[in-house]
Amino acid sequence: MQQLSEQELIRRDSLQKLRELGIEPYPAQEFKVTAYSQEILDKFTPESTEFINVTLAGRIMSRRIMGKASFCELQDSYGRIQLYINRDEICPGEDKTLYNDVFKRLLDIGDFIGVTGYVFITQVGEISVHVSSFTVLSKSLRPLPIVKEKDGVIYDAFTDPEQRYRQRYVDLVVNPEVKQVFLQRTKIINTMRNFFNEKNYVEVETPILQPIPGGASARPFITHHNALNIPLYLRIANELYLKRLIVGGFEGVYEFAKDFRNEGMDRTHNPEFTVMEIYVAYKDYNWMMDFTEEMIERVALALHGKTQVQVGDNIIDFKRPFKRITMYDAIKEHTGVDISNMNEAELRTTCDKLGIHHEPSMGKGKLIDEIFGETCEASYIQPTFIIDYPVEMSPLCKKHRNNPNLTERFELMVNGKELCNAYSELNDPIDQYERFKEQLELSAKGDDEAMFIDHDFVRALEYGMPPTSGMGIGIDRLCMFMTNSPSIQDVLFFPQMKPEIKSHKDDIEVYTSAGIPQEWAEVLQTMGYVKYAALTEIKYTKVHQELCGYNKKHKLDLVNPKPEDVKLWLQQ
RNA sequence: GAUUCCGUAGCUCAGCAGGUAGAGCACAUCACUUUUAAUGAUGGGGUCCUGGGUUCGAAUCCCAGCGGAAUCACCA
């Protein structure tokens with residue numbers, strides 16, 4: 001156990017004292033709440049009789065104690081409301097313990113309490129709850145960061161990103177705007193879900209542990225199943241499973257899925273992330289573009305009541321219809337080069353001319369992708385569908401109805417980033433098998449992200465899959481846009497972090513169990529001997545002298561140990 | 001992976017011509033019956049990220065490491 005700070009010790013002492021007074025700091029029974037802070041603040045008027053007897057529960061977030069009366073702020077799940085607590089009303093009799101000791105001394109900021117009382121307006125005009133009784137619901141043993149606010153200015157904000165992400169619970173308690181982002185995230189997802197359900201598409205669940213990680217190009221996480229003695233992969237996509245369900249006869253299926261990719265982390269990438277994929281039979285990618293527009297516009301309206309959304313320095317308008325441009329046209333527009341009829345060698349020359357890095361392992365598809373990514377991607381701020389991708393970079397996508405070198409694919413670009421990816425799905429099993437084999441060749445050339453062949457998926461297609469259009473959308477990115485969050489970590493409750501470094505300090509028990517008295521063990525640690533094992537390598541006379549010296553210098557008034565005592569301490 | 005910046009009290013931060021470690025909030029004690037960043041008084045609290053080096057002396061200067069942030073590169 002780490003050494004406790006003064007404030008933590010005081011809180012543990014308060015916990016003990018509460019118990020001595022017969023107050024259970026962690027009661028088990030239900031506490032019935034009849035009102036919430038926001039509701040009261042919204043609805044209360046001096047004439048109203050609605051709130052003459054309310055019961056609320058929440059955390060104490062601030063206290064202003066003024067002798068026989070006190071104010072404090074109670075924070076429940078909706079917000080904060082001020083409480084007014086009067087000594088003689090809490091303690092009508094002679095015994096004022098409940099106010100003087102329990103409320104004033106033994107309770108702290110961060111504790112959960114329940115209160116009953118009536119709502120009124122103070123002289124300064126703040127709607128408050130006049131408390132007639134309170135109940136301790138849970139004692140907090142660690143001090144929360146104290147954030148104060150006046151006239152919209154925040155003082156002593158809790159801002160350290162590492163602490164905010166590692167201890168998101170604290171972040172949520174003291175930074176109310178953080179909670180809003182996550183409530184909006186839920187609203188985004190619910191809006192989409194309602195949209196799909198209205199159309200009778202079916203929400204499904206498919207395997208996260210997959211024997212073949214298919215449906216996308218990415219390095220997977222690998223794990224091992226002991227009973228079967230086989231490797232399993234955490235899914236990088238769920239596409240192939242959802243299409244199997246279309247084969248099975250569902251007309252529309254969708255899944256909000258956690259996918260996993262074993263790649264770098266930055267402001268827009270987290271190793272696990274959420275994707276919504278939807279597949280609808282008898283549709284094509286043109287239909288899917290209309291559908292996607294409608295869905296995204298609806299999300300913007302649900303969240304903001306309008307289609308314009310501030311994202312960084314830009315205002316992005318999600319009003320339908322979005323601009324549509326083919327990939328080749330986009331490249332021509334930005335570079336002046338028409339690559340539509342180029343072979344691999346010509347593409348490499350073009351890359352060289354444009355100063356774009358390329359490697360021998362890159363096939364035609366990757367080269368085109370690279371050119372697009374370097375020259376075009378960043379310029380699409382307003383929602384834009386990039387359509388008709390070259391066949392080499394889309395092995396699961398149906399060939400274009402007018403041009404066999406292209407596929408019926410679109411990506412939706414927003415703020416220079418990919419948001420959606422969609423196809424007229426490839427349902428020709430023979431073509432699909434050929435495309436998988438081409439991926440194998442890429443793999444042989446050294447492309448470690450090329451897809452594996454999924455023979456069962458091909459088998460499913462052989463039974464027949466209706467013409468289908470599918471779309472995937474990055475939910476985390478969508479949330480970043482919709483909530484104007486610059487980092488993916490701001491829209492994930494618990495973003496992936498490097499493991500927290502463990503204290504490199506021995507527990508104090510390691511010292512005491514070697515026979516060292518507690519007070520000297522603490523001295524040794526503050527002197528820098530944080531590992532007992534390291535201590536035993538030092539000559540006991542030196543340690544003895546240093547201990548006595550420290551005792552004198554810091555006026556600890558401890559009785560100095562004898563050299564033989566120290567010798568014994570170090571001999572364990 | 002590269003560059004830059006950062007790491008001091010529970011929180012936010014100051015201190016860096018090297019010379020006994022500071023403020024505000026929080027905490028503790030006292031006063032105060034409608035305050036609101038409540039107020040007034042008093043007080044406690046720190047391996048100054050870790051390890052090495054320079055020095056009589058390092059929070060401060062140098063080196064290395066750890067952790068974090070930003071930008072870039074790589075990666076869907």
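Please read all numbers here as calculations on a predicted model, not as lab measurements. Sequence lines set the chain letters: A, B, ... in the order given, protein chains first and strands last, and positions in each chain run from 1.
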Roughly how many Å apart are [M] and [N], using the [atom1] atom of each and rounding to a whole number?
N: B:U42; M: B:U54; atom1: P; value: 46 Å
N: B:C56; M: B:G43; atom1: P; value: 39 Å
N: B:G65; M: B:G1; atom1: P; value: 12 Å
N: B:A17; M: B:A59; atom1: P; value: 15 Å
N: B:G67; M: B:U8; atom1: C1'; value: 16 Å
N: B:C48; M: B:C16; atom1: C1'; value: 12 Å
N: B:G24; M: B:G45; atom1: C1'; value: 15 Å
N: B:C11; M: B:C66; atom1: C1'; value: 23 Å

Distances under 3.5 Å only, N/O to N/O: pair up the protein atoms with those of nucleotides 70-72 of chain B.
unit_1	atom_1	unit_2	atom_2	d
B:U71	OP2	A:R267	NH1	2.8

Counterpart base for [N], defined by Watson-Crick or G-U wobble contacts under 3.5 Å:
N: B:A28; answer: B:U42
N: B:G1; answer: B:C72
N: B:A64; answer: B:U50
N: B:C56; answer: B:G19
N: B:A9; answer: none

Nucleotide nearest [X] when distance is taken to its side chain, options [options]:
X: A:Q163; options: B:U33, B:U34, B:C11; answer: B:C11
X: A:R64; options: B:U33, B:U36, B:C25; answer: B:U36
X: A:T122; options: B:U36, B:U29, B:C13; answer: B:U36
X: A:I109; options: B:A26, B:G68, B:U12; answer: B:A26
X: A:F71; options: B:U29, B:A26, B:U34; answer: B:U34
X: A:S5; options: B:G10, B:C75, B:G67; answer: B:G10
X: A:M66; options: B:G68, B:C25, B:C32; answer: B:C32
X: A:K148; options: B:A26, B:A28, B:C11; answer: B:A26
X: A:I146; options: B:C13, B:C25, B:C75; answer: B:C25
X: A:D266; options: B:C25, B:G45, B:C74; answer: B:C74

Side-chain donor/acceptor contact of A:Q7 with base of B:A26 under 3.5 Å: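 Present.
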task: Would you kindly check whether a donor in the side chain of A:Q82 faces an acceptor in the base of B:U35, or vice versa, at under 3.5 angstrom?
output: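 Indeed, a donor on one side and an acceptor on the other fall under 3.5 Å apart.
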field: Carboxylate-amine/guanidinium proximity below 4.0 Å for A:D171 and A:R168
entry: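 A salt bridge is present here (some side-chain N lies under 4.0 Å from a carboxylate O).
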task: Flag the pair A:K17 and A:D101 as a salt bridge only when some basic side-chain nitrogen lies within less than 4.0 angstrom of an acidic carboxylate oxygen.
output: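 Result for this pair is no, no salt bridge flagged.
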Please determine, by modelled atom types, if [X] and [Y] share a side-chain donor-acceptor pair under 3.5 angstrom.
X: A:S70; Y: A:Y99; result: yes
X: A:R409; Y: A:S394; result: yes
X: A:E89; Y: A:S132; result: no
X: A:Q38; Y: A:D42; result: yes

query: Going from CG on A:L83 to CZ on A:R64, what distance comes out if it is rounded to the nearest 0.5 angstrom?
result: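 The distance works out to 10.0 Å.
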For the pair made of [atom1] in [X] and [atom2] in [N], what is the distance, rounded to whole Å?
X: A:I127; N: B:U34; atom1: CD1; atom2: C1'; value: 15 Å
X: A:E73; N: B:A38; atom1: CD; atom2: C1'; value: 12 Å
X: A:F103; N: B:U35; atom1: CZ; atom2: P; value: 16 Å
X: A:K96; N: B:C32; atom1: NZ; atom2: P; value: 14 Å
X: A:I236; N: B:C75; atom1: CD1; atom2: P; value: 16 Å

field: Stacked pair A:Y155-B:G24, distance under 5.5 Å, angle under 30°
entry: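 Check failed, A:Y155 does not stack on base of B:G24.
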Base, sugar-phosphate, or nothing: which does [X] touch, judged by heavy atoms less than 4.0 Å apart?
X: A:I65; answer: base
X: A:E149; answer: sugar-phosphate
X: A:A157; answer: sugar-phosphate
X: A:E263; answer: sugar-phosphate
X: A:K366; answer: sugar-phosphate

message: Minimum heavy-atom separation for A:L98 and A:V102, please, with both atom names.
response: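 Of all heavy-atom pairs spanning A:L98 and A:V102, the closest is O-CB, 3.2 Å.
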field: Along RNA chain B (nearest heavy atom to each residue), the more 5'-positioned of A:P143 and A:V124
entry: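 In this pair, the answer is A:P143.
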query: With nearest nucleotides of RNA chain B determined for A:R63 and A:S217 from heavy-atom distances, which residue corresponds to the more 5′ nucleotide?
result: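 The answer here is A:R63.
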field: Reference residue A:D108; test salt bridge (Lys or Arg N to Asp or Glu O under 4.0 Å); the match among A:K139, A:R12, A:R59
entry: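 That would be A:K139; it is the only one of A:K139, A:R12, A:R59 passing the salt bridge (Lys or Arg N to Asp or Glu O under 4.0 Å) with A:D108.
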message: If the test is side chain to side chain contact (heavy atoms under 4.5 Å, CB included), which one of A:T384, A:I296, A:I386 qualifies with A:L412?
response: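 It is A:I296, the one option of A:T384, A:I296, A:I386 that forms the side chain to side chain contact (heavy atoms under 4.5 Å, CB included) with A:L412.
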- prompt: Taking the six-membered ring for Trp, are the ring centroids of A:H130 and A:F51 within less than 6.0 Å of each other?
  reply: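 No, too far apart.
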- prompt: Does OP1 or OP2 of B:G68 have a side-chain N or O of A:R164 closer than 4.0 Å?
  reply: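 So the side chain of A:R164 is outside the cut-off, no N or O lying under 4.0 Å from OP1 or OP2 of B:G68.
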Return a table of donor-acceptor pairs under 3.5 angstrom between the side chains of residues 120-127 of chain A and protein atoms on other chains or two or more places apart.
unit_1	atom_1	unit_2	atom_2	d
A:T122	OG1	A:V124	N	3.4
A:T122	OG1	A:G125	N	3.3
A:T122	OG1	A:E126	N	3.1

- prompt: Does A:R185 use its side chain to pair, donor to acceptor, with the backbone of A:L492 at less than 3.5 Å?
  reply: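 No.
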- prompt: Among residues 84-95 of chain A, which contact RNA chain B at a heavy-atom distance under 4.0 Å?
  reply: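 Heavy-atom cutoff 4.0 Å gives A:Y84, A:N86, A:D88.
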